[in-house]
Amino acid sequence: MTNLLEQLKNRRIALGLKQGDMMLRVGMSRQQYQRLESKGNPRLDTLELIAEGLKSELMLIPREKLGAVLAVLTNDGNAMAGKSAGDSGLTGGMHEGVREKKSLSDDPWQDLLSDTE
């Protein structure tokens, strides 16, 4: 998993932005942004400002839910396959005595924030 500063850089590049473009987006000079991206330790309000400039959101994800979040983000339904038949990520209907799992496209969050695994 990449660290937060690498994620910021990757997001900026994915949007086709240069470090100098961040001045117009977040009011930070190229030099300031370059320093932050390479070895910075930004404050939370700075991170929120940068996330807004990169059309992104900051989230705190519980470690036990990280795999499920990554699966949703990468559209990898196989990571959710470890859930048991009694979990709420399943449909209510029965099919030949076996409950079927909802697809990620039907329910992309599949109880990611619930307290159960």
Side-chain angles (χ1 to χ4, degrees):
M1 173 119 193
T2 59
N3 71 36
L4 183 60
L5 298 177
E6 289 171 346
Q7 290 178 51
L8 291 174
K9 179 179 180 178
N10 292 340
R11 176 65 177 161
R12 176 183 56 77
I13 292 169
L15 291 173
L17 300 171
K18 296 180 180 177
Q19 289 177 332
D21 297 329
M22 297 308 288
M23 181 163 190
L24 295 174
R25 289 186 166 249
V26 299
M28 188 179 287
S29 73
R30 184 192 57 77
Q31 292 86 359
Q32 288 173 311
Y33 188 81
Q34 180 181 30
R35 191 174 329 116
L36 180 140
E37 206 175 77
S38 66
K39 61 180 180 232
N41 188 9
R43 297 183 334 202
L44 181 57
D45 60 340
T46 302
L47 278 175
E48 290 173 335
L49 184 64
I50 291 169
E52 181 70 26
L54 294 174
K55 299 179 183 178
S56 300
E57 293 290 330
L58 295 176
M59 295 183 80
L60 183 64
I61 301 169
R63 281 193 178 127
E64 64 272 10
K65 301 296 182 183
L66 183 59
V69 171
L70 291 173
V72 170
L73 293 175
T74 60
N75 291 324
D76 180 9
N78 295 332
M80 297 294 289
K83 294 182 90 167
S84 67
D87 287 346
S88 58
L90 303 174
T91 60
M94 300 292 278
H95 179 68
E96 298 180 26
V98 178
R99 298 177 85 189
E100 293 180 6
K101 188 176 182 72
K102 286 183 183 177
S103 72
L104 286 175
S105 61
D106 292 336
D107 183 10
W109 296 105
Q110 295 190 8
D111 298 323
L112 290 177
L113 299 178
S114 69
D115 290 334
T116 59
E117 294 273 332

Nearest non-hydrogen partners of L5 and G40, listed with the distance: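 What the structure gives for the nearest pair is CD1-O, 3.4 Å.
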Counting N and O atoms only, with roles assigned by atom type, does the side chain of [X] sit under 3.5 Å from a partner on the main chain of [Y], one being a donor and the other an acceptor?
X	Y	value
E52	L49	no
T74	L70	yes
E6	N3	yes
R25	G53	yes
R11	K55	yes

Determine, using the 4.5 Å side-chain heavy-atom cutoff (strictly less than), whether [X] and [Y] are members of one ILVMFWY cluster.
X	Y	value
L24	M28	no
M23	L47	no
L58	V26	yes
I13	M22	no

[X] side, atom [atom1]; [Y] side, atom [atom2] - distance, nearest 0.5 Å:
X	Y	atom1	atom2	value
R35	R30	CZ	CZ	10.5 Å
E57	E48	CD	CD	9.5 Å
Q34	Q19	CD	CD	4.5 Å

Pair Y33-L8, side chain to side chain contact (heavy atoms under 4.5 Å, CB included): steps then yes or no: CA-CA 10 Å; Y33 188 81; L8 291 174; 4.1 Å; yes
Have a look at R12 and tell me which of I50, D21, L54 forms a side-chain contact (heavy atoms from CB on, under 4.5 Å) with it. L54
For Q31, look at atom CD and say whether over 12 heavy atoms of other residues, nucleotides or ligands are found less than 6.0 Å away. yes
Taking atom CG of N41 as the centre, does the number of heavy atoms from other residues, nucleotides or ligands within less than 6.0 Å exceed 12? no
